[in-house]
Structure formats: structure tokens, C-alpha cells
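Just so you know, ligand 1 is whichever comes first in the structure, and atom 1 is the first atom listed for that ligand. Computed from heavy atoms alone, side chains included, the values below leave out hydrogens, waters and symmetry copies.
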Amino acid sequence: MTKRVVIIGNGMAGARLQEELHRRDPGGERVTSVVIGEEPTAAYNRILMSNVVAGRISPADTMIRAEGWYREHNLQTHVGVRVERIDRADQSVHCSDGTVHHYDKLVFATGSRAFVPPIAGALDDDGLPVPGVVAFRNLTDCEAIVSALGKGVRVVVVGGGLLGLEAARGALLQGAAVTVVHPRSHPMEKQLDSAGGAVLTRILREIGMDVVLGGRVSAIRDDPQTGREVVLTDGATLGADLVIVAAGIAPNTEVAAEAGLAVDHGIVVDDELRTSDRAVYAIGECAQHRDIVYGLVQPGWEMAETVAENLIGDSQAGYEGTQQILRLKAHDIDLASMGEIDTDPGDLEAEVLTLSDPHRGRYAKVVVRKDRVAGAVLLGNPEVVGTISQLFDSGAPVPTDRMRLLLGHLTGGATESASPAQMPGDAIICRCNTVSKKNLTDAWRKGARSAGAMADATRATTGCGSCQSVVDGLCEWLKTADA
Ligand SMILES: Cc1cc2nc3c(=O)[nH]c(=O)nc-3n(C[C@H](O)[C@H](O)[C@H](O)COP(=O)(O)OP(=O)(O)OC[C@H]3O[C@@H](n4cnc5c(N)ncnc54)[C@H](O)[C@@H]3O)c2cc1C
């Protein structure tokens, strides 16, 4: 009998799950799926919004599938519709447009929303940002930012994490005068130790960004003489035509909690990604798996695969967690961070290798435990990111001469500079989609004879896009090798 699956959320995890179900069961014989999403558009690649702010692509370029694709494949999606509540006894979902959908299996893929810290004057009576204040999360926010940007526009970014810095870099490229206000002693403190943070701060200031560290915004107000201003807790003020709030995220768990599902920071799931109700799953940023709530796309896509496998397959696939590698997507700043970055100086088990060249904006730190990479921060060293990520992922031993690692004298990683011939087959080329060199060469052998066709077959390049040049290089190499 065909199972009816309802997916709440038409974001990156929800849309991917529907595609994964369709891939496994194109005729819809085993499963029919319905996606219900609050946002007014078809699913788009949220990661690419930073490139929209930077003026490199348009909002239309972020769409995951061409218009009409879902209809052509008989996939039901309802956009602009919010799920208000679920009735678990009746196995039904109740929506803002009055519709009711019955399910055999239900999947929460409700993601997160931007967290707005308590700032007087930031929100209106309905709890929405006042005009000129944007909490950066969705395409509507992105379009509001883009339309406000321009030469000389004064922008204050609240929060110097990944999103804040990507937005700030984009605004700077559009000619805005940008100040980032961050409460800690250096930006991106979750991904950078203090020495790396100092190098990043220096880079940001050198490219023309004002960075206020150790500061918090307490209020946003309109001054009759000077216009809109942002007030810091120490009383200092900053003129601001646009305030972008990028101060963290909060998982969307309310509907799940009201339905009586176990919710902690996220919706609690087991290794099959089932919630406290076995008919209900949760994936992506709204899910809490083994106490972790992820904030990146790769885990959400891996979760989508696991759930698709469980709903269609005969076996029960398990999700074991994802090793996270974070890359900042900001023009002229290459930063990668993974695993353990802060070690206790008294911890004799940890070997900490560092290389600092602040004048040239370079910093590398690799933490090695038992001859394996346990973590790394790589700033301004794109040539070593592939190799070190590969060692981190695979748990392979590092070379005895540790300096070779830091200086990038090893080959074999998936970097722009590494020769495709030298990369091992299991080198991960597209992190967002966990696509290895072998997956790509297999696609080639099965007839995908261009970078675009290889991307269609494997999905490489369809996440943050930073692997595009490696896939292009691999494709060229395969053409030459086959000639
Ligand atoms: C600017 C920006 C840059 C980013 N860059 C990166 C990056 O470089 N690398 C990376 O890995 N990650 C990045 N991320 C994070 C990445 O986008 C998220 O990890 C990913 O989108 C999570 O997918 P999701 O489906 O769980 O949530 P979402 O994509 O947020 O989708 C959830 C959807 O559910 C909808 N929804 C919520 N509640 C309901 C309801 N009750 N009824 C109906 N619909 C509902 C929401 O409106 C939303 O459309 C970035 C995020 C942003 C904002």
C-alpha cells in the first residue's frame, strides 16, 4: 500500500527529502509525498543568499529546480502555507489555509529562524523587525537587504559570526559603509581561536570594515537630526541606514512541542531520526540528534537520505552524525574551520601545530591527536584545506614531518591546486553533498560527459558551490585521459 508522507517545511532539508523519495520511487508506488512550506516561493538554496547580497547572483539563481519541475514530476508542494498544528491521534496536519492533510508518516523539516537579541526598538508590536532592520534568514530578508544597499549606505551588522561576516562582506562590495558589532573579543569565536581571530579581525579592517569587538547593541532609535542610530551598551552610537541582525538562530520547534513531541533545544530524534512518536520524524536544523542541533546543510541532506531510505527501503538506515567543516564564503577571505580548535595547554595528548603570518593574512592551526587530525583552522591557506579536510574526514594518519602538512606539501586533497590524477578516489570534493572523486568518475563512466552532467548525476556543486572549479578540473582531466 502507498504510504502518504507529509513534510513540513519547504527548505533545504524538506525539499531534498521529497527529491530523495522521488529518486527511489519515481512512480510514487510506495510513497506519495506532500511538502507544505510557509515561505512563498519554491525551494531555494539558502546558502547562496550571501552571494545575492554581494551582487554576484540574483534571487532567481538560488532556485533549486526550474519552475514547473515539481509539477512535471507529480510532486505536490504547497507554498505560502503554514502548518498551524498537528493532531497525532488522527494523524493529520492542519494548515493556515484551512486545509487538512492526513499522513501515515510525518516529517518535521521546519529549520530555524533568526534569533533577535533583546534590542529596544528592533521589533514592532507583532514581534517583527521594524523597517530598516532585517534579520537575515530568508529570501525576503535578502531582497530587503539588497534593495537598501548602495554606495555610502551606512550598514550596522549585529553579530560577527559566519552569517554576519558574509552579509557584511557582501554589503561592503556593494559600496556600503559597514560596521560589525560583535560581543566577543574576536569574530567567529566558535570556529576560531583567539590568534586566528586576531588575524581575521585584521583582514576585515584592512578591507575597509569597521569591527567593534566586545560591544553589544542595546537599542535602535530614530534621531530627528541624524536619522536612525544604533546605541551600544556603553552609550556609543552608530549611524545606520540599515541594521542587519545576524546574532544566531533558534530552531522552529513550537508546532512539535504543542503536539506533545519531546523537544529540548531542537526536536529530539533517535538514530532513525524518529521523534518520540514513531510515525513522526525530524530532519535538518530543527532536529536534535545525539544532543547536537546542526546549523549547516550537509547534516540536513544526510538526514534526508536516511529518512528516504527508511521510508522506501526495507532496511532501517541509521544516522550517525556528521563531521562538520565550515567555510566562510566571503570574497577574498578564505577560512575553513573543523573539529577541535581550542585545546587546553596542559593537554599533553594534543599536538598543536601553528603557523601565523598576520601581515599576509594567513594563519593555520592543526590539532593532532594520536597521529590523526582532530581539528583545524585554516585562514588564507586554500591550498591545504582539501588535504587537511580529507585527513580529518578519513581519520588517516598525518605524516611524521608535521611541517609538510602545514605548508601544504602533501598532495591528495580535493583542492583547486591538487592534480585530479593524484587525488585518492575517496577524496571528498563536494562537502555539502558528500560527493567523492570516485562518485564523479563513476558518473563520467556512466555517460555524464560535462561538469553540468556530472553535477546532475551526483549533485556536486549544488550546495555552496565552492567545489565548482575542482569539478571543472576533474572533468577536463577525464576528457584528456579518455582522449
Ligand atoms: C545567509 C546564509 C548562509 C548560509 N551559508 C551556509 C553555508 O555556507 N554552508 C552551510 O552548510 N550552511 C549554510 N547556511 C545554513 C543552511 O542554509 C541551513 O543549514 C539549511 O538551510 C537548513 O535546512 P533546513 O531545511 O533544516 O531549514 P530551512 O532551510 O530554514 O527550511 C525550513 C523551512 O521550513 C519552513 N517552516 C518552518 N515552520 C513551518 C511551519 N509551521 N509550516 C510550514 N513551513 C514551515 C520555513 O519557512 C523554511 O522555509 C546558511 C544560512 C544562511 C541564512
Which of the numbered atoms in ligand 1 are under 4.0 angstrom from any heavy atom belonging to [X]?
X	value
V297	10 (C), 11 (O), 12 (N), 19 (O)
I8	40 (C), 42 (N), 43 (C)
A109	32 (C), 33 (C), 34 (O)
V81	43 (C)
S50	1 (C), 3 (C)
I36	43 (C), 44 (N)

I want to check something: taking the side chain as every heavy atom from C-beta on, are [X] and [Y] in contact at a cut-off of under 4.5 Å?
X	Y	answer
L311	V5	yes
R4	H101	yes
V280	Y103	yes
P131	D124	no
H22	N74	no
Q316	R274	yes
T434	I428	yes
L378	L335	no

Among all protein heavy atoms, pick the one closest to [atom] and tell me residue, atom and distance.
atom	result
atom 30 (O) of ligand 1	R137 NH2, 2.6 Å
atom 23 (O) of ligand 1	M12 CB, 3.7 Å
atom 16 (C) of ligand 1	E285 OE2, 4.0 Å
atom 52 (C) of ligand 1	L163 CD2, 3.4 Å
atom 13 (C) of ligand 1	I47 CG1, 3.7 Å
atom 29 (O) of ligand 1	R46 NE, 2.9 Å
atom 15 (C) of ligand 1	G295 O, 3.6 Å
atom 48 (C) of ligand 1	E39 OE2, 3.3 Å

Practice task
With atom 31 (O) of ligand 1 as the reference point, say which of G11, P251, G14 has the nearest heavy atom.
Solution key: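 Nearest heavy atom to atom 31 (O) of ligand 1 lies in G11.
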Problem - Pick from Y294, W301, F136: the one approaching atom 1 (C) of ligand 1 most closely through a non-hydrogen atom - result: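 Looking at heavy atoms only, the winner is F136.
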Within reach of ligand 1, part of [X] (heavy-atom separation under 4.0 Å):
X	answer
N252	side chain
M49	side chain
A13	both
L326	neither
N138	neither
V83	both

Practice task
Take D104 and K3, measure what salt bridge (Lys or Arg N to Asp or Glu O under 4.0 Å) needs, and give me the verdict at the end.
Solution key: CA-CA 6 Å; D104 297 307; K3 252 184 253 165; over 6 Å; no
No-hydrogen, no-angle side-chain donor-acceptor test under 3.5 Å, [X] and [Y]:
X	Y	answer
E189	H182	yes
N433	R16	yes
D87	Q91	no

State whether the shortest distance between N or O atoms of [X] and N or O atoms of ligand 1 falls below 3.5 angstrom.
X	result
G284	no
E38	yes
K329	yes

Handout entry: ligand 1 contacted by G300 (non-hydrogen, < 4.0 Å)
Key =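 Under 4.0 Å: no for G300.
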Problem - Salt-bridge contact E254-R113 (side-chain N to carboxylate O under 4.0 Å) - result: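 A salt bridge is present here (some side-chain N lies under 4.0 Å from a carboxylate O).
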Exercise for the section: Decide salt bridge (Lys or Arg N to Asp or Glu O under 4.0 Å) for R82 and D97; before the verdict, give the C-alpha distance in whole Å, the side-chain angles of both, and the deciding distance to 0.1 Å. Expected result: CA-CA 8 Å; R82 180 178 160 75; D97 61 354; over 6 Å; no
